[in-house]
Peer 1: 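After the structure tokens below, expect a handful of questions from me.
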Amino acid sequence: MMIVVAVIAIIATIAVPAYRDSVRKGGRADAVSRLAQLQQAQERWRADSATFALTLAELGLTATIANSQYTLAITEATATRFVATATATGSSQIDDAACRVLRLTSNGGNVSYTSFNAGGSEDTSTSNRCWNR
């Protein structure tokens with residue numbers, strides 16, 4: 001009986017963190033998808049306007065992503081540039097300290113993807129793992 005309990009404890013020790021990591025990756029993938037959706041909506045808006053949209057409402061989008069795991073926002077919008085962020089707010093995503101904020105910047109047609117950890121430091125690695133689903 002003790003062997004069975006020990007085996008179950010070992011399996012749980014391995015499985016629970018892997019499961020939580022998978023849930024966080026899924027939430028991140030939802031955020032990346034919604035930022036791409038926002039980018040497309042901004043480009044359609046800009047095709048008909050002299051500037052990018054200032055609010056999500058103008059684009060017909062909501063701020064909540066993936067069952068409230070992230071909050072979407074437009075933080076800057078001009079005639080040639082916009083910045084959009086997805087900030088972790090849900091209980092499982094808050095634990096994703098390395099990828100707390102995802103930021104998409106479109107500047108003159110050039111798009112860049114950055115992420116920030118829980119301390120507010122930017123991920124300067126070339127792989128930027130937070131954007132790799």
Side-chain angles (χ1 to χ4, degrees):
M1 182 69 167
M2 290 302 290
I3 293 172
V4 172
V5 171
V7 168
I8 290 172
I10 291 170
I11 291 171
T13 302
I14 295 168
V16 170
Y19 171 74
R20 287 183 179 156
D21 190 47
S22 293
V23 169
R24 282 191 293 270
K25 285 180 182 177
R28 246 186 278 140
D30 288 339
V32 167
S33 176
R34 283 293 304 276
L35 283 168
Q37 180 185 12
L38 185 148
Q39 178 187 4
Q40 292 170 353
Q42 280 285 41
E43 295 300 336
R44 285 191 301 273
W45 180 275
R46 178 66 177 89
D48 295 332
S49 306
T51 187
F52 287 109
L54 297 171
T55 67
L56 294 171
E58 290 175 314
L59 301 173
L61 300 174
T62 60
T64 303
I65 302 174
N67 299 322
S68 300
Q69 293 303 311
Y70 279 91
T71 300
L72 190 65
I74 298 171
T75 57
E76 179 184 339
T78 66
T80 59
R81 170 184 165 92
F82 76 88
V83 178
T85 60
T87 304
T89 55
S91 59
S92 65
Q93 290 309 128
I94 288 292
D95 293 337
D96 192 7
C99 304
R100 190 67 56 87
V101 177
L102 302 174
R103 181 174 68 192
L104 181 147
T105 303
S106 177
N107 191 8
N110 297 316
V111 179
S112 63
Y113 308 96
T114 53
S115 58
F116 299 87
N117 64 25
S121 299
E122 183 176 350
D123 179 0
T124 57
S125 68
T126 55
S127 66
N128 200 347
R129 73 174 185 88
C130 298
W131 283 88
N132 298 325
R133 297 179 219 177

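These numbers come from the heavy atoms of this one structure, side chains and all, not from hydrogens, waters or symmetry mates. Position 1 is the first residue of the sequence; numbering continues from there.
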Peer 1: Do Leu59 and Leu104 belong to the same hydrophobic cluster, where Ile, Leu, Val, Met, Phe, Trp and Tyr are linked whenever their side-chain heavy atoms lie under 4.5 Å apart, directly or via other members?
Peer 2: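 Same cluster.
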Peer 1: Applying a strict under-4.5 Å side-chain criterion to I, L, V, M, F, W and Y, I'd like to know whether Leu102 and Ile94 cluster together.
Peer 2: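 Different hydrophobic clusters.
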Peer 1: Got a sec, which residues hit salt bridge (Lys or Arg N to Asp or Glu O under 4.0 Å) with Glu76, two or more places apart in sequence or on another chain?
Peer 2: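 With neighbours one apart ignored, the set is Arg81.
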Peer 1: On a heavy-atom basis, which atom in Arg46 and which in Phe52 lie closest, and how many Å separate them?
Peer 2: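 Heavy-atom minimum between the residues: CB-CE2, 3.5 Å.
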Peer 1: Quick check for you: to the nearest 0.5 Å, what is the distance between Thr71 atom OG1 and Arg34 atom CZ?
Peer 2: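 One finds 10.5 Å between OG1 of Thr71 and CZ of Arg34.
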Peer 1: If you link ILVMFWY side chains whenever their heavy atoms are less than 4.5 Å apart, which other residues fall into the same cluster as Leu54? By chain and number, please.
Peer 2: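 In the cluster with Leu54 there is nothing else; it is isolated.
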Peer 1: Can Ile11 be reached from Ile3 by stepping across I, L, V, M, F, W or Y side chains whose heavy atoms are under 4.5 Å apart?
Peer 2: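 Ile3 and Ile11: one cluster.
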Peer 1: With the side chain counted from C-beta on, respond yes when Arg24 and Cys99 share a heavy-atom pair under 4.5 Å apart, and no when they do not.
Peer 2: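 Arg24 vs Cys99: side chains apart.
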Peer 1: Report the C-alpha separation of Asp21 and Lys25 in whole Å, then their side-chain angles, then the decisive distance to 0.1 Å, and conclude whether the salt bridge (Lys or Arg N to Asp or Glu O under 4.0 Å) test is met.
Peer 2: CA-CA 6 Å; Asp21 190 47; Lys25 285 180 182 177; 3.5 Å; yes
Peer 1: Heavy atoms only: give me the nearest Ala86-Ala31 pair and the separation to one decimal.
Peer 2: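 Closest approach of Ala86 to Ala31, heavy atoms only: CB-CB, 3.9 Å.
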Peer 1: Can you tell me how far apart CZ (Phe82) and CG (Asn107) are? Round to the nearest 0.5 Å.
Peer 2: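 The CZ atom of Phe82 sits 10.5 Å away from the CG atom of Asn107.
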Peer 1: Enter the distance from Thr64:OG1 to Leu56:CG here, rounded to the nearest 0.5 Å.
Peer 2: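 Separation between the atoms: 10.0 Å.
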Peer 1: Would Gln69 and Asp30 count as a side chain to side chain contact (heavy atoms under 4.5 Å, CB included) if you check the C-alpha gap in whole Å, the side-chain angles of each, and the deciding distance to 0.1 Å?
Peer 2: CA-CA 9 Å; Gln69 293 303 311; Asp30 288 339; over 6 Å; no
Peer 1: Any chance you could measure Arg100, atom CZ, to Thr89, atom OG1, to the nearest 0.5 Å?
Peer 2: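 So the CZ of Arg100 and the OG1 of Thr89 are separated by 10.5 Å.
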Peer 1: Give a yes-or-no answer on whether the side chains of Thr85 and Arg103 include a donor-acceptor pair shorter than 3.5 Å.
Peer 2: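 Checked: Thr85/Arg103 side chains show no N/O donor-acceptor pair below 3.5 Å.
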Peer 1: Which pair of non-hydrogen atoms, one from Leu61 and one from Leu38, has the smallest distance, and what is that distance?
Peer 2: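 For Leu61 and Leu38, the tightest heavy-atom pair comes out as CD1-CA, 3.7 Å.
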Peer 1: Do Val83 and Trp45 belong to the same hydrophobic cluster, where Ile, Leu, Val, Met, Phe, Trp and Tyr are linked whenever their side-chain heavy atoms lie under 4.5 Å apart, directly or via other members?
Peer 2: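 Looking at the clustering, Trp45 is in a separate group from Val83.
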Peer 1: Should Cys130 and Arg28 count as side-chain neighbours, where that means a heavy-atom distance under 4.5 Å?
Peer 2: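 Side chain of Cys130 against side chain of Arg28, heavy atoms only: contact under 4.5 Å found.
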Peer 1: Under 3.5 Å, is there a donor-acceptor pair between the side chain of Glu58 and the main chain of Thr55?
Peer 2: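 Pair found, side chain donor or acceptor close to backbone of Thr55.
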Peer 1: Indicate the atoms forming the closest heavy-atom contact of Gln93 with Gly27, along with that distance.
Peer 2: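 Minimum heavy-atom separation between Gln93 and Gly27: OE1-CA, 3.5 Å.
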Peer 1: Who pairs with Tyr113 by ring-ring contact (aromatic ring centres under 6.0 Å, His included), at least two apart in sequence or on another chain?
Peer 2: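 For Tyr113, the residues satisfying ring-ring contact (aromatic ring centres under 6.0 Å, His included) (neighbours in sequence not counted) are Trp131.
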Peer 1: Between the side chain of Ser121 and the main-chain N/O of Asn117, is any donor-acceptor distance below 3.5 Å?
Peer 2: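 Not a single qualifying donor-acceptor pair exists.
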Peer 1: Counting only N and O atoms by type, is there a donor-acceptor contact under 3.5 Å from the side chain of Ser22 to the main-chain atoms of Ala18?
Peer 2: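 Yes; at least one donor-acceptor contact below 3.5 Å.
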Peer 1: Identify the two heavy atoms, one from Glu43 and one from Ser106, that lie closest to each other, and give their separation to 0.1 Å.
Peer 2: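 Shortest heavy-atom separation between Glu43 and Ser106 comes out as OE2-OG, 3.8 Å.
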Peer 1: If you round to the nearest 0.5 Å, how far is CD of Gln37 from CG of Leu72?
Peer 2: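 If I round to the nearest 0.5 Å, the distance is 8.5 Å.
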